[in-house]
Amino acid sequence: MQIEVAGKPVDIAEDASCGEVLKEGLSKKQFKNVVVAKCGETLLDLTTTVPADCTSMEPVFADSPEGLDIIRHSTAHLMAEAVKKLFPTAKVTIGPSVENGFYYDFDYERPFTPEDLEAIEQEMQRSVGADKDFSCRVVSADEARAEFKEQGEDYKLELIDDLEEDNYSIYSHGEFADLCRGPHVARTGMLKAFKLLNVAGAYWRGDENNKQLQRIYGTAWATPKDLKKYLHQLEEAKKRDHRKLGTQLDLFSFQEAGGAGMAYWHPKGALVRTILEDFVTKEQIKRGYELVRGPQILKRDLWETSGHYENYRENMYFTEIDEQAYGVKPMNCLAHMLIYNRKLMSYRDLPQRYFELGVVHRHEKSGVLHGLLRVRSFTQDDAHILCRPDQLQDEIKGVIKWVQDLMGLFDFTYSMEISTRPEKSIGSDEDWERAIKALKEAMESVGLPYEINEGDGAFYGPKIDVKVRDCLGREWQCSTIQVDFTLPERFDLTYIGEDGERHRPVMVHRAIMGSVERFLGILIEHYAGAFPVWFAPVQAKILTVTDAQKDFAEKVLQFFREKGIRIEADLRNEKLGYKVREAQLEKIPYMFVIGDKEVEAGCVNVRVRTGDDPGLLSLEEAAAIIEDAATQPFKDGGMSYSFST
RNA sequence: GCCCACAUAGCUCAGUAGGUAGAGCGCGUCCUUGGUAAGGACGAGGUCAGCAGUUCAAUUCUGCUUGUGGGCUCCA
């Protein structure tokens, strides 16, 4: 019998295992790093007998994405073994691999402590040292039930009942056996690079009505070197954390006295924000939007009409004025609809595109707040497009283009998904179908890949969500495009068509940055605080060598200020090296050093934060460099912008 | 909201077997006039997050509250 291994034919015995076949077909060194076998799309344990229909087999190496997944999953089992050994009354639940690692959820009478984690990790190391074999057996549903019932593993019983399979595979190593689809590494000795990271609460099956379990997270890699590299990366990422940089660069803070989830913008941070908002606002106008503004609070019955009261109440703040109930706006759409409704619209007036940097308040659960990325009060670059059905496609495409342009400007990588109807929602099934179809068609016509996120739409309509990652790899939603047939109906929005009849416009809710706060948080992490010249709060800093240059430095300062360049001067009685260091830590793009030489020449000596050193330049030349650096990103993106004071 | 952890000077952190606290940086004054990542001296600065309780005595122990961090659930 012959089988192809990694492209070359190998003779094998009738009942050979996958491991034996791969060992035959690969060099000794290669085989050492094989975790499982791959036959077609199926992953098989090395101990599994080669299936009769398998004609070619590929090795899955430890450092491949699939291999790492196996290693992490197996490490989760290894951890469960250790936990059961140290805490026999703990009940096991599920333990999958996740990005960069794994977790396992346990039900135990007391919380695990950091010391417990250390003990667990040591126990895991012992098991690795013992190099126990992983083995798999397939049993009937009844046998599986009997086995886990005897062990008191109630959660496993629940899983068996839910899966409703005829047979189940059970993976064991040493004393530990777990209901599991597999596959796994052959021996515990292959798991040589892992670390337990933290404990967290997690609901059984992700449902907050269920019991809360204890989840232990860990990371696992193919080699200790990879593990070390990953842990180092984590450390580096922490340095870019926007919360840390926000303090270091004096951009913003959160004030305990003022309440959770609400940012306070310091002078530098507020300036960065203002520039971003200014750019986005001007760009909206160029793209055919009109600026509007609505109030912060609207009468409660309006929120009832819109369905917010019914579907979004727990996220809203309410207040009372003159015995009249009001709701603080969590979204801007209501005001925009009222503005649309101020007069009778003609089909010629459409589309109406209303843009507002709207401040919204949402009562987010206390546990979800996270720096600028998840707050209770934030500003959306929000717009509502009211258009005729025949205009819908072009409008969506226009928004997608704008999203692409903005993300491109910052060189963001992002993922897109279409979110469908959630449980709590309003509107007819047909409208939902129509709206989803419109979004899909637009995405497909632009040729963008997308995922479907079932049940995650807004309560009034489906949406395209654009997600960007933070420094720790967590994804955050930024842009959103939502098609809505329902709210125009609820507010009886109409326009007079060519036929002289009243028609219903379609509404597109959309935000490009999403939340200014969140977007800035991600920008801070993306640039590690070293903002591009166009929105750096301070673009250049003058550093004098001694106070003899003070007068000239002040003239230079004035010169650049008049040019609209954001510049500061460090005239303190300190050494140059000290001033350079400080400006470098402030991540200021340009430093202008002024000593006697420069005064004499009427020049500045330019130092760039990247380490480049253009040297002695005239004031005009230096200004040109900055202006160039500030406008270049827009030229590259086919746009134009400059902030002026 | 739930689980766990944490909260000491503007920042980063030490510390107290329960006897009201310390460093570095920053800040102020003075000396130093120094050419590309930290010159020196002196000084100011803290209801040890808040409120209760235990105690002769609480920053330290206990409880609650507030806030923060890591997750879960939920969402821009």
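Chain letters run A, B, ... following the sequence lines, proteins first and then strands; every chain starts at 1.
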Is A/R374 side chain donor-acceptor paired with the B/C74 base, going by distance under 3.5 Å alone?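 Answer yes: a donor N or O sits under 3.5 Å from an acceptor.
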Heavy-atom contacts under 4.0 Å between residues 254-263 of chain A and RNA chain B, which residues?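 Heavy-atom contacts with RNA chain B come from A/E256, A/A260, A/G261.
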Measure from the side chain of A/V545, starting at C-beta and using heavy atoms only, and say which of B/G70, B/A76, B/G34 lies closest.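 Nearest listed nucleotide: B/G34.
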For [X], answer base if it contacts any base atom (sugar-phosphate contacts may also be present), sugar-phosphate if it contacts only those atoms, and nothing otherwise; contact means non-hydrogen atoms under 4.0 Å.
| X | answer |
| --- | --- |
| A/E598 | base |
| A/D465 | nothing |
| A/N198 | sugar-phosphate |
| A/G367 | base |

Euclidean distance for [atom1], [N] against [M] (whole angstrom):
| N | M | atom1 | result |
| --- | --- | --- | --- |
| B/U60 | B/A7 | C1' | 14 Å |
| B/C6 | B/C25 | C1' | 23 Å |
| B/G71 | B/C64 | C1' | 24 Å |

For B/C11, does OP1 or OP2 lie under 4.0 Å from any side-chain N or O of A/K244?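 Looking at the OP1 and OP2 atoms of B/C11, neither is under 4.0 Å from any side-chain N or O of A/K244.
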Go along nucleotides 23-31 of chain B 5' to 3' and tag each nucleotide: B for a protein heavy atom under 4.0 Å from its base, S when only backbone or sugar atoms are that close, - otherwise. ---SS---B
Which donor-acceptor pairs under 3.5 Å do the side chains of residues 408-415 of chain A make with protein atoms, sequence neighbours left out?
{"unit_1": "A/S415", "atom_1": "OG", "unit_2": "A/E475", "atom_2": "OE2", "d": "3.1"}

Complementary nucleotide of B/A41, counting Watson-Crick and G-U pairs under 3.5 Å: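 Its partner is B/U29 (Watson-Crick or G-U wobble, both distances under 3.5 Å).
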